[in-house]
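Heavy-atom basis, side chains included; hydrogens, waters and symmetry copies ignored.
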Amino acid sequence: MKRSLILLIALTALAGCASLSESECRAGDWRSIGVEDGSAGYGFDRLEVLRSACSDYGITPNAEAWEAGRQQGLEYYCTPTQAWKEGARGRPLSPVCGSENAALLERENFRGLTYRRIEKEIRSAENDIDSINRSLATLARDHPARAMLIAERNSLRLRILRLRAERTRYTL
């Protein structure tokens with residue numbers, strides 16, 4: 001079981017390719033290709049992309065084998081953990097999971113999206129602090145703008161602390 005999950009994760013990483021090479025089309029491992037596509041959240045319309053890619057070589061995908069593999073891959077994709085990970089990558093969940101766990105999956109995807117948004121806000125505030133620090137380094141100790149920059153930096157530090165606390169609510 002664990003080996004299958006690792007294989008599915010590895011296949012998911014490869015699933016981003018939009019088309020197949022001639023050798024992949026000729027090999028015709030349509031079930032495995034379907035597993036990759038399902039693990040990546042592709043819908044049935046993905047089969048048209050495969051048909052188009054392989055038609056250049058005079059090959060037609062085996063739709064039944066591909067769909068059987070895709071359904072197997074969807075078992076990996078349509079999990080709360082994967083829904084959160086998709087959100088954390090900034091991607092909404094693909095509408096391929098059916099309705100039985102839809103509310104849970106949408107909630108987890110939203111949590112992942114929120115986690116990502118908070119991460120971006122933290123990075124932005126950290127970049128602002130770096131900018132302030134660079135500005136402070138160029139100003140004389142008695143420059144009137146220093147106090148305002150230091151106050152702004154302190155405010156950003158507090159914001160980061162609040163964001164980090166909020167982020168823990170959305171951690172996987």
Is it true that [X] and [Y] have a side-chain N and a carboxylate O under 4.0 angstrom from each other?
X	Y	result
R123	E126	no
E121	R117	yes
R89	E86	yes

Over all heavy atoms of both residues, which pair between [X] and [Y] is shortest? Give the atoms and the distance, please.
X	Y	answer
L136	R146	O-NH1, 2.9 Å
N109	G87	ND2-N, 3.2 Å
Y77	C97	CD2-SG, 3.9 Å
P61	I59	CD-O, 4.0 Å
L139	A145	CD1-CB, 4.2 Å
Y76	Q82	OH-OE1, 2.9 Å

If two hydrophobic side chains count as joined below 4.5 Å and joins carry through other members, does [X] share a cluster with [Y]?
X	Y	value
I118	L172	yes
L156	L158	no
I122	L113	no
V96	F110	no

To the nearest 0.5 Å, what is the distance between [atom1] ([X]) and [atom2] ([Y])?
X	Y	atom1	atom2	answer
E36	R31	CD	CZ	13.0 Å
T79	L74	OG1	CG	11.0 Å
Y57	E24	OH	CD	9.0 Å
N133	D128	CG	CG	11.0 Å
L93	E108	CG	CD	10.5 Å
I33	L20	CD1	CG	5.0 Å

Discussion item. Does Q71 have more than 12 heavy atoms from other residues, nucleotides or ligands lying within 6.0 Å of its CD?
Written reply: yes
Donor-acceptor contact below 3.5 Å, side chain [X] vs main chain [Y]:
X	Y	answer
W66	F44	no
R111	R169	yes
S39	V35	yes
S124	K120	no
T171	R167	yes

Worksheet item: Between R157 and N154, is a side-chain contact (heavy atoms from CB on, under 4.5 Å) present by the stated rule, with each step listed?
Response: CA-CA 5 Å; R157 287 177 175 163; N154 290 339; 3.8 Å; yes
Practice prompt. State, yes or no, whether a side-chain contact exists between S55 and T60 at a heavy-atom distance under 4.5 Å.
Written response: no
Fill in: Intermediate values then yes/no, side-chain contact (heavy atoms from CB on, under 4.5 Å), S94 and Y42
CA-CA 7 Å; S94 179; Y42 284 111; over 6 Å; no
Practice prompt. Let me see the working for N101 and C78 under side-chain contact (heavy atoms from CB on, under 4.5 Å), right down to the final yes or no.
Written response: CA-CA 8 Å; N101 290 331; C78 297; over 6 Å; no
Item to complete: Given side-chain hydrogen bond (donor to acceptor under 3.5 Å, both in side chains), test S21 with S23 step by step and report yes or no.
Response: CA-CA 5 Å; S21 68; S23 62; 3.1 Å; yes
Fill in: I150 vs R153, side-chain contact (heavy atoms from CB on, under 4.5 Å): CA-CA, chis, key distance, verdict
CA-CA 5 Å; I150 290 170; R153 182 178 63 186; 4.0 Å; yes
